[in-house]
Amino acid sequence: MLTIERTLEAAETAAPQAVRKKKRNTRPAWEEPPTIAGETAKGITLGGVLLVMLVPLWIIVVTSLSTQGAVNRAGGLVIWPDGLTFEAYRVMLEDTTVRTALLVSLGITAAGTAVSMAVSVMCAYGLSRSRSFAHRFLLTLLIVTMFVNGGLIPTFLVVTGLGGYGQWWSLILPSAISVFNILILRSFYSSTSADLIEAARIDGAGDWRILWSIVLPTSRAVTAVMALFYGVGYWNSFFNVMLYMPTDSEKWPLQYVLYTYVNRGNGMPGSVNSGFGTAFSQTAPLSLQMAVVVLTLVPLLIVYPFVQKHFRTGVLTGAIKG
Amino acid sequence: MTTATPTRPDRAARPVRLNWRVRLRRDRSLILMTLPAVVLLLVFNYVPLFGLVTAFQEYDPLAGIWYSTWAGLDQFQRLFGDALFWNAVQNTLYLSFVQLVLFFPVPIALALLLNSVLSQRVRNFIQSVVYLPHFFSWVLAITIFQQMLGGAGALNHFLRNNDIGTWDVMTNPDTFALLVSAQVIWKEAGWGIIVFLAALAAVNTDLYEAAAADGAGRWRRLWHITLPGLRGVIVLMLVLRLGNALTVGFEQFLIQRDAVGYDTADVLDTFSFYYGIATGDYSYGAAAGLFKSVISLLLIWGANKLAHAFGEDGLYRR
């Protein structure tokens, strides 16, 4: 058995203890009382960690909501709100480049996640019934790709050879499945109650029915987490765009627009005649740039809270991927 | 590599191994389910594997893989005589080492610190926050760094206003290794704590109580109970890191290469891209890629041997 699968099992067996810990919000009797210096140091460190994570996001959000006057007064990024407006967001959403990119990103993310999840879930279930025909061979076929791959250039040549240059599918299919995610799903499906499956089988349910009506509903948490992984991957897709459609600016997703207009500071086509005046025709105004940054963040922040609570069950192995 | 699965009770009950034709018939829908994934892997993983022969050719996009002329080991000879290639190798190893030293201990320390927080609410809040940047794209993460630390960023703005001078971290080649390590720590250290928190939750609390009763203070408990409890995970993560020593992040360097210059920021992966795809010299890039793959495979194998020598499982069990 692969170590990742065993780590997953260990984590599951550790779960009851974690629950017990949750109830214990008090210090156990045998532990020595905390020292003031120790507690202060702990508080400062953790507080510092939180600040390093949150302050940049705060500054970016505030700047995106600031008026041009506030940006000018601050001489750049705005830290304290000083004249707020949604002007940057209005201009951004009227800009065809950003609007198209938003639609492209949402489309790729939705279509890609659907494809990835369908293929992965089916494959994981197909391999989860032990002693099934050729499952060892198929599993080996999958796992080998985790260690050996053709690399960047042969993959590029295959995709372009199949006519993928400038095509939507080149952003989805070449990296549609992660063998690692399939293995995680598979180890969850393997642990679905065998009695339940046997009972369904006696009632005449086939494998498709068992997958749809029993296995999927009993593993919602891991399914949600995997969908988040795939979805984030597609939402963040950047290099595939650089490879397969670097010049088709109408097909660029949001990340590539962010890269071109904010990271590299190229002029944004729509900002010339915007409410910010022509002074900024070379580089988009800072608040507009920050609004684009916020736009790439928002979908993530919407989905994150719903899935985050499942991380404990679904993700433990995912972290090992690092 | 072992791929043994625990026997499934729902079918394991059958005492005799059935004829393969019977099993194929019985499992045809299972096979059908794996088919899309297998096809995708064959097309986008196994065919490119075959495509590695381009590394031994003078690949011509018009002639294609079947009709390109063979070049034997010419590409590799060129590669090993190329100062830019050795520059990329050197950068990769250096950056990998710096990241190992600076990044690796951070999630462990953070997990220990977080584990000592009593309030579950505070812990959950901190976890939600530190996991978040893991889901940011590199474009986004670097944009954030640029806005905070770049020449026109928040830090330099503050420095200029107070007449301390400027300190442009984003374009300085000398501090590039520190910068990329800081970026990786900011983005991934929080996510990295998950495995360690799980391992910490699995440590038997009775051990702590017994040790405390025997007079062990908190540092001795940390040293004699907590760290041994984390040992397996730490070794596993170290093995994975060593096995991936030649992969130091790709998009992160691609995006920042122009700002600090290729002599600092080119790593093996970006080398393949710039001297293979961007210039159309496909065979040359493929040769560099193949070189990296072979060394990586050796590293994974070696790191695993090392883990076994420590009495740990490593990537797979012996």
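Numbers restart at 1 for each chain; the letters A, B, ... are given by sequence-line order, proteins then strands. Everything quoted here is computed from the prediction, not taken from an experiment. Computed over heavy atoms, backbone and side chain alike; hydrogens, waters and symmetry mates excluded.
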Need one label for A:Ile79: side chain, backbone, both or neither, based on atoms under 4.5 Å from any heavy atom in chain B. neither
If you compare all heavy atoms of B:Leu290 against all heavy atoms of B:Ala55, which two are closest, and at what distance to 0.1 Å? CD2-CB, 4.2 Å
Near-ring test B:Tyr284/B:Tyr59, centroid separation under 6.0 angstrom: no
So what's closer than 4.5 Å to chain B heavy atoms on A:Val293: side chain, backbone, both or neither? both
Short side-chain to backbone donor-acceptor contact, B:Asp214 and B:Ala216, under 3.5 Å: no
Per-residue tally against chain A (heavy atom, under 4.5 Å) across B:Leu132, B:Leu42, B:Val38 peaks at B:Leu132
Any side-chain heavy atom of A:Leu183 sitting closer than 4.5 Å to one from A:Leu139? yes
Pick from A:Thr63, A:Val49, A:Val115, A:Leu152: which one has the most heavy-atom pairs with chain B under 4.5 Å? A:Leu152
Contacting moiety of A:Leu173, where chain B heavy atoms sit under 4.5 Å: both
Looking at A:Leu51 and A:Pro56, what are the two nearest heavy atoms and their distance? O-CD, 3.8 Å
So, the part of B:Leu140 with a heavy atom under 4.5 Å from chain A: the answer is both
Determine whether A:Val78 and A:Leu286 make a side-chain contact, defined as any pair of heavy atoms from C-beta on separated by less than 4.5 Å. no
For A:Ser170 and A:Asn240 the tightest heavy-atom approach is O-ND2, 4.2 Å
Can you check whether A:Phe133's main-chain N or O pairs, donor with acceptor, with B:Asp27's side chain at less than 3.5 Å? yes
Against chain A, label B:Arg221 side chain, backbone, both or neither, depending on which of its atoms sit under 4.5 Å from a heavy atom there. side chain
Value rounded to 0.5 Å, distance of CD1 in B:Ile300 from CE in A:Met146: 9.5 Å
Does any heavy atom of chain B fall under 4.5 Å from the side chain of A:Leu157, the backbone, both, or neither of them? side chain
Relative to chain B, which segment of A:Ala74 carries a heavy atom at a distance below 4.5 Å: side chain, backbone, both, or neither? backbone
Could you look at B:Ser29 and say if it's the side chain, the backbone, both or neither that has a heavy atom under 4.5 Å from chain A? both
From the list A:Leu211, A:Val55, A:Leu162, A:Val52, the residue making the most non-hydrogen contacts under 4.5 Å with chain B is A:Val52
If I measure from the heavy atoms of chain A, does B:Gln147 come under 4.5 Å with its side chain, its backbone, both, or neither? both
Do you know which of A:Asn149, A:Asp195, A:Thr160, A:Leu141 has the most heavy-atom pairs under 4.5 Å to chain B? A:Leu141
I'd like to know if the side chain of B:Arg241 and the backbone of B:Phe104 have a donor-acceptor N/O pair within less than 3.5 Å. no
Give, as side chain, backbone, both or neither, the part of B:Ile31 having an atom under 4.5 angstrom from any heavy atom of chain A. side chain
Select one option (side chain, backbone, both, neither) describing which atoms of B:Val53 are under 4.5 Å from chain A's heavy atoms. neither
Measure across A:Met122 and B:Pro36 and return the closest heavy-atom pair with its distance rounded to 0.1 Å. CE-CG, 3.6 Å
Run the side chain to side chain contact (heavy atoms under 4.5 Å, CB included) test on B:Phe136 and A:Thr296 for me, step by step, so that the C-alpha distance in whole Å, both residues' side-chain angles and the decisive distance to 0.1 Å come before the verdict. CA-CA 9 Å; B:Phe136 294 176; A:Thr296 60; over 6 Å; no
Relative to chain B, which segment of A:Leu77 carries a heavy atom at a distance below 4.5 Å: side chain, backbone, both, or neither? side chain
With only heavy atoms counted, which part of A:Tyr125 is less than 4.5 Å from chain B, the side chain, the backbone, both or neither? both
Checking heavy atoms, do the side chain of B:Tyr131, its backbone, both or neither come under 4.5 Å from chain A? both
Region of B:Ser293 in contact with chain A, defined by heavy-atom distances below 4.5 Å: side chain
Specify which of B:Leu32, B:Leu52, B:Ile255, B:Val139 makes the most heavy-atom pairs with chain A at under 4.5 Å. B:Val139
Contact origin within A:Phe238 toward chain B - heavy atom pairs under 4.5 Å: both
Ranking B:Ser137, B:Ser116, B:Ala199 by heavy-atom pairs under 4.5 Å to chain A gives rank one to B:Ser137
Given heavy-atom pairs under 4.5 angstrom as the criterion, report whether the side chain, backbone, both or neither of A:Val179 touches chain B. side chain
Most contact-rich option vs chain A, by heavy-atom pairs under 4.5 angstrom, among B:Phe125, B:Phe50, B:Phe250, is B:Phe250
Checking heavy atoms, do the side chain of B:Glu188, its backbone, both or neither come under 4.5 Å from chain A? neither
Given the options A:Val158, A:Leu243, A:Ile182, which has more heavy-atom pairs under 4.5 Å with chain B than any of the others? A:Val158
Measure the spacing between CD1 of A:Ile210 and CZ of A:Arg129 and express it to the nearest 0.5 Å. 7.5 Å
Do B:Lys292 and B:Ser272 get their side chains close enough for a donor-acceptor pair, meaning under 3.5 Å? no
With A:Val148, the side-chain contact (heavy atoms from CB on, under 4.5 Å) member among B:Asn45, B:Val294, B:Leu49: B:Leu49
May I have the step-by-step check of side chain to side chain contact (heavy atoms under 4.5 Å, CB included) for B:Trp138 and A:Gln255, ending in yes or no? CA-CA 9 Å; B:Trp138 270 114; A:Gln255 301 288 345; over 6 Å; no
So which part of B:Leu24 gets closer than 4.5 Å to some heavy atom of chain A, the side chain, the backbone, both or neither? both
